[in-house]
Amino acid sequence: APQRGEAGLQITSGSAIFRRAEQIVQFDKALHVVRDARTMTADSGLARLDETGDTLRTLELRGNARIADAPEAPGGLELLTARSMDLHYGEDGETLQRALLTGSAAVQLAGQAGQGSRRIVANSLDITLADGERAIVTLLLLRGAQTPGELRSRAERLHPFAGLAE
């Protein structure tokens with residue numbers, strides 16, 4: 001079985017259509033995506049791929065959109081919910097660059113041990129990450145909890161950091 005951070009991916013839906021000419025995969029009737037400890041669900045979804053059809057560029061989740069994760073450290077993502085979500089990925093197809101949540105949007109992050117989760121709620125949330133933030137969030141989502149030194153050394157190919165303080 002794949003370990004956390006490996007590319008184990010399962011996708012189910014009532015129907016899926018690959019529109020090769022447009023590099024689009026359309027999922028209808030109860031989209032359910034599982035990768036590692038993360039689960040994405042929505043009434044429907046649309047994946048936009050790069051020109052080769054190999055790399056995810058955007059994922060549009062429509063109707064009861066939900067992303068749930070089992071965070072391994074405080075501050076880790078527990079839950080994203082909204083009526084609709086547009087997720088924009090970087091060149092690697094895994095680094096989340098921007099998330100637009102519309103309609104009863106909520107973000108829930110794990111709290112410190114013994115404390116409750118932190119939750120942000122609004123009609124819409126537009127979350128954009130800077131290069132360094134994207135590198136750290138990507139590593140945390142793919143590999144789980146790590147020391148600052150491990151994060152810095154592993155993030156070097158994604159973003160050069162001046163030091164541990166950055």
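Residues forming a side chain to side chain donor-acceptor pair (under 3.5 Å) with Ser124 (at least two apart in sequence, or on another chain): none. Partners of Glu60 according to the side chain to side chain donor-acceptor pair (under 3.5 Å) rule, which considers only residues two or more places apart in sequence or in another chain, are Arg48. Partners of Glu91 by salt bridge (Lys or Arg N to Asp or Glu O under 4.0 Å), not counting sequence neighbours, listed by chain and number: Arg57.
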Q: Would you check, one step at a time, whether the test salt bridge (charged side-chain N to carboxylate O under 4.0 Å, His left out) holds for Glu94 with Arg35?
A: CA-CA 12 Å; Glu94 294 182 8; Arg35 181 176 186 181; 3.5 Å; yes
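Distance CG/Leu101 to CG/Leu125: 6.0 Å, rounded to 0.5 Å. For the atom pair CD1 (Ile120) and CG (Leu109), the distance works out to 6.0 Å, reported to the nearest 0.5 Å. Atom-to-atom distance recorded for Thr55:OG1 and Asp92:CG is 8.0 Å, nearest 0.5 angstrom.
Using a 4.5 Å cut-off between side-chain heavy atoms of Ile, Leu, Val, Met, Phe, Trp and Tyr, with links allowed through other members, Ile67 and Ile127 fall into the same hydrophobic cluster. Residue Tyr89 is not grouped with residue Leu100 when hydrophobic side chains (ILVMFWY) are merged at heavy-atom distances under 4.5 angstrom, including chains of intermediate members.
Scanning all heavy atoms of the two residues, the minimum distance from Ser13 to Ser15 falls at OG-O, 2.7 Å. Nearest heavy atom pair, residue His88 against residue Thr58, reads ND1-CG2, 3.2 Å. Contact detail for Gln23 and Phe18: the closest heavy-atom pair is OE1-CZ, 3.7 Å.
Counting non-hydrogen atoms of other residues, nucleotides and ligands closer than 6.0 Å to CD of Gln10 gives a total of 12 or fewer.
Cluster note: Leu46 groups with Ile24 through ILVMFWY side-chain heavy atoms spaced under 4.5 Å, whether in direct contact or through intervening members.
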Contacts table for residues 79-87: side-chain donor-acceptor under 3.5 angstrom, sequence neighbours left out:
unit_1	atom_1	unit_2	atom_2	d
Asp86	OD1	Arg62	NH1	2.8
Asp86	OD1	Arg62	NH2	2.7

Please output the side-chain donor-acceptor pairs of residues 25-33 that fall under 3.5 Å, not counting sequence neighbours, one pair per line with the distance.
unit_1	atom_1	unit_2	atom_2	d
Gln26	OE1	Arg19	NH1	2.8
Gln26	NE2	Asp28	OD2	3.0

